[in-house]
Undergrad: 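Before anything else, here's the structure in question.
Throughout, a chain's letter reflects where its sequence line sits, starting with A, and its residues are numbered from 1.
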Number of protein chains: 2
Amino acid sequence: MDETTIIPANPKGAPLSVDDFRTRLAEISADLPRRLRQCADFVAANTDRIAVSTVAELAVGADVPPSALMRFCQIMGFSGFSEMQRLFREAYSPGWPDYSTRLKNLKEEGAGSPSALLAEFIEAGRLSLEALAKTADEVALGRSVGLLAAAQTIHVIGLRRAFPVATYLAYVFEKMAVPAMLHDGVGKLDHRFAMRPGDALLAITFAPYSEETLALAQDAKSRGLPVVALTDRMTSPLVRLSDAVVTVPEVDFGAFRSLSATIAMAISLAVAVGSARG
Amino acid sequence: MDETTIIPANPKGAPLSVDDFRTRLAEISADLPRRLRQCADFVAANTDRIAVSTVAELAVGADVPPSALMRFCQIMGFSGFSEMQRLFREAYSPGWPDYSTRLKNLKEEGAGSPSALLAEFIEAGRLSLEALAKTADEVALGRSVGLLAAAQTIHVIGLRRAFPVATYLAYVFEKMAVPAMLHDGVGKLDHRFAMRPGDALLAITFAPYSEETLALAQDAKSRGLPVVALTDRMTSPLVRLSDAVVTVPEVDFGAFRSLSATIAMAISLAVAVGSARG
DNA sequence: GCATTTTTAGAATATTTATTCTATTTTTCC
DNA sequence: GGAAAAATAGAATAAATATTCTAAAAATGC
């Protein structure tokens with residue numbers, strides 16, 4: 001290498017800044033044996049704790065013996081933990097800007113900038129979650145869980161903007177070994193006849209309500225299957241087709257839902273159903 | 001003194017919070033002998049350094065011998081320096097709740113009522129959003145938007161737990177008339193050849209990272225297409241395949257992500273790209 | 001399936017760091 | 001100004017903490 005290189009590529013030297021540290025971490029963590037990988041992952045997720053923790057504490061957090069953490073420090077290029085910690089102690093500036101200050105900073109990037117948008121969506125999500133906490137109807141939620149837990153197969157439908165929620169539910173059900181079927185409309189195939197007596201339908205739709213979802217709910221109802229609705233308000237056309245209705249208040253920003261509250265509700269429903277089933 | 005006083009009524013007990021600490025400091029520092037006053041002054045002006053400094057370092061800063069600082073700690077009501085430091089270390093790292101054990105407890109106690117679960121998921125979502133606000137990397141976000149806005153077609157991939165995010169992105173891109181293609185793996189069809197020069201890939205994956213997503217990213221990279229990563233940490237294997245990386249801190253509750261922060265980030269990215277395009 | 005190399009755990013050790021103690025100095029108050 | 005009390009410095013010690021080392025376990029290559 002050309003020795004006139006002013007800033008040394010620092011191939012094996014210790015990282016000199018937190019940024020440097022992150023880069024190095026990303027570089028090496030591609031192929032790492034098990035314990036060292038645990039260290040890397042934990043450190044990546046808890047970088048801020050390094051400055052105020054001992055080797056032993058971090059080791060417990062990463063679920064490795066202290067000596068593994070020492071080896072990790074060394075392959076990161078430090079002589080040991082103390083040297084690594086010094087980097088973070090010097091860079092330590094406590095009290096990240098608190099949540100609201102930070103949001104203001106993000107917004108000040110200028111209207112329409114990615115950061116400003118992010119701030120808006122974060123705020124929308126948080127408002128939605130707070131509203132949900134205040135308005136959640138425990139009785140309706142309990143009844144919904146009961147209906148779904150008693151079903152043989154749970155059919156899930158949610159299209160367009162509700163589709164992400166439906167796919168997440170399908171994922172969670174699968175992880176919990178709950179028999180569930182996602183009606184996704186692929187190939188315009190209509191799997192309504194997959195719904196058998198003893199099954200239940202979980203239908204998700206928000207204004208403007210999706211025709212296909214309403215149609216499937218109608219079908220389930222007319223065949224006497226229990227229908228659980230996850231929708232935006234009690235005036236939703238889904239309500240009169242359903243045996244239990246869970247509503248979720250969601251703050252829209254522009255044309256788009258934050259989905260935070262909806263997903264929190266969906267996941268609670270799914271996990272509750274999963275544990276009710278054993 | 002009455003020898004029956006077992007616990008000294010704690011009228012001068014240790015401060016229990018940083019606020020408490022400041023109050024106590026203000027109270028006592030009125031009349032203090034010279035060295036202790038130096039300690040008080042220095043500590044008042046450098047409260048934030050307590051968490052990451054040793055007695056010796058602070059003593060040098062306050063220009064007193066270490067033993068003076070020890071006396072100061074005791075005057076403040078602590079048993080010693082370590083106890084005082086603990087207050088500041090704990091106050092700094094608020095420590096995310098350990099949701100996986102909490103969920104296990106909920107299940108084991110059978111007390112996993114749906115509304116209790118909902119409360120937990122709402123909390124997890126809120127924490128995630130706040131963490132996102134605090135840690136969001138505006139530069140990386142800006143770069144990602146730039147890359148995607150310059151692309152002809154945007155290819156989106158995200159499977160399993162990331163699939164809801166991918167589908168939501170596809171929805172938003174469609175609404176904004178941005179040419180985008182969702183690689184959903186339906187029918188095990190691999191649409192890698194749909195990626196043409198001038199296109200870009202937006203890849204989403206969280207631990208445990210999805211093989212297919214990494215493979216597609218690798219493919220895009222080797223063909224020289226820009227890759228934007230939306231992932232959980234800088235140690236993700238996606239990082240070394242990508243030209244821009246956006247990380248999202250998400251509180252996991254048991255095996256499940258709240259997704260609030262991830263979706264907020266995704267939607268911001270999509271809307272920013274949409275408006276950058278016109 | 002065996003030999004070689006890498007990785008690991010945990011005990012042993014070295015180092016740093018906190019804390020206490022005592023002789024000395026400074027302050028207080030009569 | 002001198003006796004009593006309080007405060008101080010610095011050395012001595014105790015405790016916590018980091019670091020190294022070795023035998024054992026995995027992983028790798030042939």
Undergrad: Rounded to whole Å, please give me the gap between CG in A:L69 and C1' in D:dT19.
TA: 12 Å
Undergrad: Round to the nearest Å and state the distance from A:L58 atom CG to D:dT19 atom C1'.
TA: 15 Å
Undergrad: Starting at atom CZ of A:R37, determine the distance to atom P of C:dT7, rounded to an integer number of angstrom.
TA: 13 Å
Undergrad: Would you say B:R233's side chain and A:A45's backbone share a donor-acceptor pair under 3.5 angstrom?
TA: no
Undergrad: Just how far, in rounded Å, is P of D:dA18 from CZ of A:R89?
TA: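 A:R89 atom CZ is separated from D:dA18 atom P by 8 Å.
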Undergrad: Would you tell me whether A:Q74 and A:R71 have side-chain atoms, one donor and one acceptor, within less than 3.5 Å of each other?
TA: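 No - no donor-acceptor pair under 3.5 Å links their side chains.
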Undergrad: Between D:dT17, C:dT19, D:dT8, which one does the side chain of B:M70 approach most closely?
TA: C:dT19
Undergrad: Which one, C:dT20, D:dT17, C:dT19, comes nearest to the side chain of B:F81?
TA: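 Looking only at side-chain atoms, B:F81 lies closest to C:dT19.
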Undergrad: Looking at C:dA9, C:dT20, C:dA18, which one has an atom nearest to any side-chain atom of A:A68?
TA: C:dA9
Undergrad: CD of A:E83 versus P of D:dA18: gap in Å, rounded?
TA: 14 Å
Undergrad: Nearest-Å distance, CD (B:Q74) to C1' (D:dT8)?
TA: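 Roughly 14 Å, once rounded to whole Å.
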Undergrad: Ignoring hydrogens and angles, does a donor from either the side chain of B:S82 or the base of C:dA18 sit under 3.5 Å from an acceptor on the other?
TA: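 Absent.
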Undergrad: Taking 4.0 Å as the cut-off, does a side-chain nitrogen or oxygen of A:R71 come that near to OP1 or OP2 on C:dT8?
TA: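 The answer is yes; a side-chain N or O of A:R71 sits under 4.0 Å from OP1 or OP2.
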Undergrad: Specify the separation, in whole Å, of atom CZ of B:F72 and atom P of C:dT19.
TA: 14 Å
Undergrad: Without hydrogens or angle criteria, can the side chains of B:S236 and B:T231 be said to hold a donor-acceptor pair below 3.5 Å?
TA: yes
Undergrad: Is the B:F21 ring parallel, tilted or perpendicular to the B:F78 ring (thresholds 30°, 60°)?
TA: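 Judged by the thresholds at 30° and 60°, the geometry between B:F21 and B:F78 is tilted.
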Undergrad: Between D:dA18, C:dT8, D:dT8, which nucleotide gets closest to the side-chain atoms of A:T54?
TA: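 For the A:T54 side chain, the nearest candidate turns out to be D:dA18.
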Undergrad: Without decimals, in angstroms, what is the distance between A:Q85 CD and D:dA16 C1'?
TA: 13 Å
Undergrad: If you round to the nearest 0.5 Å, how far is OG of A:S260 from CG of B:L259?
TA: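 Answer for the CG-OG pair, B:L259 versus A:S260, is 9.0 Å.
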Undergrad: Considering only D:dT8, C:dG10, D:dG10, which nucleotide approaches the side chain of B:S67 most closely?
TA: D:dG10
Undergrad: For C:dT26, take OP1 and OP2 only and decide whether either is under 4.0 Å from a side-chain N or O of B:R34.
TA: no
